[in-house]
Amino acid sequence: MIVNERVVTYIHSLELPESEIIEKIEQEALESFVPVIRKETQSFLKVLLTIKKPLRILEIGTAVGFSAILMSEYMPEGGHITTIENYEKRIPAALENFKRAGKERVISLLEGDALEIMKGLEGPYDFIFMDAAKGQYIQYMPEAVRLLAPEGVLVSDNVLQDGGIVESRFAVERRNRTIHSRMREYLYQLKRDQRLQTSILPLGDGIALSVKKQRLPKEAEEMKTKTEEAGERVASRRGG
């Protein structure tokens, strides 16, 4: 864990329960070994949504729909969430959970490859929550920034990999090295992209909180090109 386990347990003890259906969906997911956002991450999202009051939310990575349903409880009236999922086995469960929670009209699920779907979307989105395949974040980044409204918020979850992100590439298990290197590159690009102001927080499994600047500096176009080139390099290596 990134933070002392006793501290995390204490923080969890302070949390108030959500609605009965949200609590039930979360418990079912955990019992089925489907990952859902951690309690402290849930609390952080709720505060951000209360402050930002986003009307258009894009979620990358639906799983069984828990986080989309949770966010829908804290967005303003008239808001809408578009969520993307590629894992066919989880899509029926997500759609059923949206129905159970009475959220079919405020949450739309798009099925398929997240990058391809994002390329076909039109922004701007006020709030983007990225919680999909960690090795793909660097490829999603150019489209996420394009779709984000000025002063919009991008939240990237699970970016510190239980603290493993600080380890040398060679200290990481061989099967995890690609994800490790791609995540490090993603965080590097987030912090240096002149279009964004980003803070990386040791919360949950690590969160990157980015805000798109309203006025972009002259260097932004150059950074945009570098970010796109980085995504192309990752895609090229993957293809090889």
Side-chain angles (χ1 to χ4, degrees), residues 37 41 44-62 65 67-86 94 98 103-133 136-157 159 186-187 189-201 207-232 235:
I37 54 176
T41 304
F44 185 68
L45 276 180
K46 291 187 286 187
V47 171
L48 285 178
L49 292 167
T50 302
I51 294 171
K52 181 62 182 172
K53 297 178 175 59
L55 286 173
R56 296 192 73 198
I57 297 175
L58 174 64
E59 178 185 52
I60 307 166
T62 312
S67 52
I69 294 170
L70 181 73
M71 289 192 291
S72 72
E73 289 288 304
Y74 292 87
M75 68 182 182
E77 186 176 352
H80 190 88
I81 297 175
T82 300
T83 183
I84 305 172
E85 180 57 50
N86 193 37
F98 296 155
K103 300 294 184 178
E104 314 101 297
R105 295 184 180 180
V106 297
I107 303 175
S108 299
L109 193 154
L110 303 180
E111 306 176 24
D113 180 78
L115 182 58
E116 293 306 311
I117 290 175
M118 290 170 74
K119 287 179 179 179
L121 293 178
E122 293 185 8
Y125 289 91
D126 310 305
F127 194 98
I128 299 179
F129 181 49
M130 193 179 296
D131 188 22
Q136 306 306 316
Y137 281 18
I138 186 65
Q139 293 192 51
Y140 300 153
M141 182 179 169
E143 291 302 318
V145 177
R146 176 185 69 84
L147 291 168
L148 199 60
E151 298 187 342
V153 172
L154 167 64
V155 177
S156 308
D157 198 16
V159 298
Y186 177 66
L187 294 178
Q189 295 293 341
L190 276 182
K191 290 294 290 185
R192 283 157 181 78
D193 194 315
Q194 294 296 309
R195 297 167 293 173
L196 303 173
Q197 189 67 50
T198 297
S199 177
I200 300 170
L201 308 170
I207 285 177
L209 175 62
S210 307
V211 179
K212 189 172 182 180
K213 297 176 182 177
Q214 188 170 20
R215 294 184 179 181
L216 305 181
K218 294 180 180 179
E219 296 85 357
E221 193 60 36
E222 181 181 349
M223 179 56 69
K224 176 175 179 289
T225 301
K226 289 181 178 179
T227 301
E228 291 172 347
E229 289 174 350
E232 290 172 1

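Residues that satisfy the side chain to side chain donor-acceptor pair (under 3.5 Å) test with Ser108, not counting sequence neighbours, are His80. Legend: residues meeting side chain to side chain donor-acceptor pair (under 3.5 Å) with Glu111, ordered by chain and number and at least two apart, are absent. Remark: Lys191 pairs with no residue by the side chain to side chain donor-acceptor pair (under 3.5 Å) rule, at least two apart or across chains. For Leu115, the side-chain contact (heavy atoms from CB on, under 4.5 Å) partners at least two apart in sequence or on another chain are Asp113, Lys119, Gln139, Tyr140, Glu143. Under the side chain to side chain donor-acceptor pair (under 3.5 Å) criterion, Glu85 pairs with no residue at all, not counting sequence neighbours.
The nearest pair of heavy atoms linking Ala208 to Leu187 is CB-CD2, 4.3 Å. The heavy-atom pair separating Met118 from Arg146 by the smallest distance is O-NH2, 2.9 Å. In this structure, Leu147 and Gly123 approach most closely via the heavy-atom pair CD2-N, 3.5 Å. Taking both residues in full, the closest heavy atoms of Val106 and Ser72 are given as CG2-CB, 4.3 Å, listed atom of the first, atom of the second, then distance.
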For a quick test of your reading: what N or O donor-acceptor pairs under 3.5 Å do the side chains of residues 125-133 make, sequence neighbours left out?
from: Asp126; atom 1: OD2; to: Leu55; atom 2: N; distance (Å): 3.0
from: Asp126; atom 1: OD2; to: Arg56; atom 2: N; distance (Å): 2.9

Under 3.5 Å, which donor-acceptor pairs link side chains of residues 44-52 to any protein atom two or more places apart or in another chain?
from: Lys46; atom 1: NZ; to: Glu18; atom 2: OE2; distance (Å): 2.5
from: Thr50; atom 1: OG1; to: Lys46; atom 2: O; distance (Å): 2.7
from: Lys52; atom 1: NZ; to: Glu151; atom 2: O; distance (Å): 2.7

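For the pair Ser210 and Ser199, the minimum side-chain heavy-atom distance is 4.5 Å or more. Within the 4.5 Å cutoff, the side chain of Asp193 has heavy atoms near those of the Met141 side chain. The closest side-chain heavy-atom distance from Leu70 to Ile37 is below 4.5 Å. Put simply, the side chain of Leu110 reaches to within 4.5 Å of the side chain of Leu121, judged on heavy atoms.
Counting non-hydrogen atoms of neighbouring residues, nucleotides and ligands closer than 6.0 angstrom, the CD atom of Gln197 reaches no more than 12 such neighbours.
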